[in-house]
Amino acid sequence: MAGYVGVLVSDPWLQNQFTQVELRSLKSSFTTIRRESSGGLKLGELPEKMSRLKHVGENLTEQERAVFLKDSYQDLDIDVDFELFLRVYLKLQGLATERRGSGAKNASAFMKSPTSTLLHTISESEKASYVAHINNYLGEDQFLKKYLPLDPTTNDLFELAKDGVLICKLINVAVPGTIDERAINTKRMLNPWEKNENHTLCLNSAKAIGCTVVNIGTQDFVEGRRHLVLGVISQIIKIQLLADLNLKNTPQLVELVDDSKDVEELMSLPPEKILLRWMNFQLKKGGYTKTVTNFSSDVKDAEAYAHLLNVLAPEHNNPSTLTVKDHLERAKLVLEHADRMGCKRYLTAKDIVEGSPNLNLAFVAHIFQHRNGLSTQTKQISFLEALPDDTQISREERSFRFWLNSLGNSSYIDNVFEDLRNGWILLETLDKVSPGIVNWKIASKPPIKMPFRKVENCNQVVKIGKQLKFSLVNIAGNDIVQGNKKLILAYLWQLMRCNMLQLLKNLRFHSHGKEIIDADILEWANSKVRNSGSQSHMDSFKDRSLSDGIFFLELLSAVHPRSVNWSLVTKGVTDEEKKMNATYIISIARKLGCSIFLLPEDIIEVNQKMILTLTASIMYWTLKQPVEERPCGSSDSETGSILDTSSNSTMDDTASESSLDDNSNS
């Protein structure tokens, strides 16, 4: 799918250099970079600014980029428009390819797409590691076992991924229950429509477990774009390997801290940081004096690994591991030690000494899963009992975090209570929800050393929230800086809701530019179900009868008749039946194309906020479909009549409460 319609790029040659996804990604990067440059973006600024672009930023230093531009252009003071930005990007990527090409011993030959002149490499070591992981965890899957084991030396992985089943199954290995496997199309020969449904399901589900898939589309899987497919697989496997690095799954991690205050800090850390802290904790026991700060350069000599395994499994120790001088030889001995422990590992000694960050992280995570060396009798576990039970807060934080990460902001969020405190990501999100609403001239970009700058950012966040008619009684920017959980969650809910209503309003041929309110969404859903011939009805988004899931299954069936297999639907009487229906609803909605971040529990417990987001997402997906593709019974006149009845009143709190006082599921 070469080229993006010339709305963005008028030069036909440039159009043919990029896929649609690549061009959208670069346009987003260009817009962000230009916005941060006061007085316009100059050519001379690009060497520094392009450091964030994956291939150009990772493979060339800023100095190399600067020297190349100086040699290529006489005037570095000219303004940069998007087309010049693309030309510079192509030139720098060509330079990066040239610099890397002959020396990339563990990279495959460059893949040149027939529709793009951009060259991408994949790590053969990483591919082999992920293939081994898939063979190990999915080898007995009833559907996939006829295709497994895969040969890591071939492209079988990418061929198998083309029908979408493999990645759906892998997501369920990483986070069990994410996808209802009844929703996966698993015929031996799938038609293009069925494959597309699987890809849509896996991409929306990958977003819902924390993967970043902003610049990846279903067509990338169909075309077997190896670097993108491998990128998604890498993220899914990483999520699986780091799943136990939290206090809920491994309460013994409190041994790493001294008091309850430190426990709260530990809980706010991303899993990679907890893994590093655990590794250093164990290394200190073994007398290793250096601090490991990364999974690349700090472990290249394999010395840290040798000490770590000696602490965790001294019975398998080989004394020569620490005396041998050659790093590669030591790495081999480390892997032999891991094998004797019975620890799965999918990397080679060469991967260790070359400092492959993904494979080294996976190796340490496997060690942690197999033998973490933490006490099961530690007295500090009592700290956990003193902490409040924040199950609901935790679930909402998860939903909002994954939603924010799905928007493609400049930084990945690991914890909303920590990572939003400087206000920058909130400002970026507000600018996406309501373009142009942020005054970037008075905003401070991270890293922010001066505390008052963070407060200024957050004050603007609150000010904009009030402009958007959020309910922000007694909230100030400093509350966000201080990490006030209740207020941050309340703000995020209103921001997510505002984004949802804005998307619906933007479909002007339905809304005629009028404000959409919660009551419109409620009426739309009831009308759809009613017109399909069903008697089901939703009184509000907190209607307890919704817990059995039947209403939403009828709604999905109404907007897309072939989407629901009614032979798989339960009566929704018992808790187990309700959970089966709820899981099926979420998977069917994602399979259609709804980007949703709720859990089955949100439907079962009728969490009105998440129920609203589910209904609105289904409505948005339906209204986006071309009229000729909609099922019988849907029409513009019908939808228009619903939206025409809406008043211009503001928030309808009877349908969805979003004030700061509402943190319950009543």
Looking at H337 and A313, would you say the former's side chain and the latter's main chain have a donor-acceptor pair under 3.5 Å? yes
Separation between CE (M279) and OG1 (T291), nearest 0.5 Å, reads 11.0 Å
Compare every heavy atom of N135 with every heavy atom of L148, then report the nearest pair and how far apart it is. CD2-OD1, 3.8 Å
Do N196 and T218 have side-chain atoms, one donor and one acceptor, less than 3.5 Å apart? yes
Is the closest side-chain donor-acceptor distance between T212 and Y412 under 3.5 Å? no
pair K207-S595: side-chain heavy atoms closer than 4.5 Å: yes
Verify side chain to side chain donor-acceptor pair (under 3.5 Å) between S410 and E428, making sure each step is shown before the conclusion. CA-CA 8 Å; S410 61; E428 285 190 329; 2.9 Å; yes
Closest non-hydrogen atoms of N405 and S411, given as atom of the first, atom of the second and distance, are OD1-O, 4.3 Å
If you count heavy atoms of other groups shown closer than 6.0 angstrom to NZ of K445, is the number above 12? yes
Where is the tightest heavy-atom contact between R590 and A208, given as atom of each residue plus distance? NH2-CB, 3.1 Å
Under 6.0 Å from the NZ atom of K284, do we count more than 12 heavy atoms belonging to anything else shown? no
Using a 4.5 Å cut-off on heavy atoms from C-beta on, say whether the side chain of N185 contacts that of K591. yes
Checking K238 against Q235: is there a side-chain donor and acceptor pair closer than 3.5 Å? no
Between R340 and E315, does at least one N-O distance fall below 4.0 Å, as a salt bridge requires? no
Verify the distance criterion only: is there a donor paired with an acceptor across the side chains of R226 and N155 at less than 3.5 Å? yes
So D351 and N360, do their side chains get closer than 4.5 Å, heavy atoms only? no
Counting C-beta onward and ignoring hydrogens, is there a side-chain heavy-atom pair between K49 and F30 closer than 4.5 Å? no
So which atom in V213 and which in A206 form the shortest heavy-atom distance, rounded to 0.1 Å? CG1-CB, 4.3 Å
Does any part of the side chain of K273, heavy atoms only, come nearer than 4.5 Å to the side chain of P270, both counted from C-beta? yes
Does a side chain donor of either N294 or S296 reach within less than 3.5 Å of an acceptor in the other side chain? no
Would you say the rings of F597 and F402 are close, in the sense that their centroids are separated by under 6.0 Å? no
Test of ring centre spacing under 6.0 Å for F363 and F295: no
Pair E354 + K300, salt bridge at N-O below 4.0 Å: no
Without hydrogens or angle criteria, can the side chains of N172 and T178 be said to hold a donor-acceptor pair below 3.5 Å? no
Using the side-chain hydrogen bond (donor to acceptor under 3.5 Å, both in side chains) rule, collect all pairs that involve residues 138-148, keeping only residues at least two apart or in two chains. D141-K169
Is there any ring-ring contact (aromatic ring centres under 6.0 Å, His included) pair reaching into residues 199-221, and which pairs are they, with sequence neighbours excluded? H199-F221
Are any of the side-chain heavy atoms of R188 and D163 separated by less than 4.5 Å? no
Is the shortest side-chain heavy-atom distance between I239 and C211 below 4.5 Å? yes
Please give me the minimum heavy-atom distance between K332 and A349, naming the atom from each residue. CG-CB, 3.6 Å
I'd like to check E272 versus L242 (side-chain heavy atoms, cut-off strictly below 4.5 Å). Are they in contact? yes
Please report the interatomic distance CG(D220) to NZ(K162), rounded to the nearest 0.5 Å. 12.0 Å
Of all heavy-atom pairs linking D244 and F368, the shortest is O-CE2, 4.0 Å
